[in-house]
Amino acid sequence: QVPLVESGGGVVQPGGSLRLSCDASGFALDSYHIGWFRQAPGKEREVVSCISESGTKSYYSDSVKGRFTISRDNAVNTAYLQMDSPKPEDTAVYYCAARLVGKPDYWGPGTQVTVSS
């Protein structure tokens, strides 16, 4: 059983919308910080957005601020990344990660997002 699994990736046109999901199984997500990361070909993995355990605090990288929205629903053990007005430079493999101080991080296997007309 994979602890974290991303879904919702695919091909989207510039200016469109896409929502990524991060489903947790085998542990309760509500105690964990959640982060979305991405890695484009030939580039290092970078943080896209993070959200606190309760969902009241969030962070966005400058490159996605105003276009992406992170959220979570602890009742269904899932986090989301809403991608609005994506650009070709947003093309990457997107990963979610869960962190709790003192515990090993959980990482998902990733989902490919391609922004292309």
Partner residues of Val115 under the side chain to side chain contact (heavy atoms under 4.5 Å, CB included) criterion, sequence neighbours left out: Val12, Pro14, Pro86, Pro88, Asp90, Thr91, Val113
Tyr59 and its side chain to side chain contact (heavy atoms under 4.5 Å, CB included) partner, picked from Ile51, Val48, Val47: Val47
Minimum heavy-atom distance between Pro109 and Val2, given as atom pair plus value: CD-CG1, 4.4 Å
Under 3.5 Å: donor-acceptor pair, side chain of Asn77, backbone of Ala24: yes
Where Ser31 and Glu53 come nearest, the two heavy atoms and their spacing: O-CG, 3.3 Å
Criterion side chain to side chain donor-acceptor pair (under 3.5 Å) on Thr114 and Ser116, from CA distance to verdict: CA-CA 6 Å; Thr114 302; Ser116 174; over 6 Å; no
Shortest non-hydrogen separation from Ile70 to Ser58 and the atoms involved: CG2-CB, 3.8 Å
Expected output: side-chain Arg72 to main-chain His33 donor-acceptor under 3.5 Å: no
For Leu20 against Gly9, the heavy-atom pair lying closest together: CD2-N, 3.6 Å
Mutual orientation of the aromatic rings belonging to Tyr95 and Trp107 [parallel < 30°, tilted 30-60°, perpendicular > 60°]: perpendicular
Atom CZ of Arg67: over 12 foreign heavy atoms under 6.0 Å: yes
Considering all heavy atoms, the nearest Ile34-Ala79 contact: CG2-CB, 3.8 Å
Nearest heavy-atom neighbours spanning Trp36 and Tyr80: NE1-O, 3.3 Å
Residues Asp84 and Ser17: side-chain donor-acceptor under 3.5 angstrom: yes
Centroid-centroid under 6.0 Å between Tyr94 and Phe37 rings: no
Sidechain-backbone polar pair: Glu6 side chain, Gly110 backbone, donor-acceptor under 3.5 Å: yes
Donor-acceptor side-chain pairing of Ser61 and Ser63 below 3.5 angstrom: yes
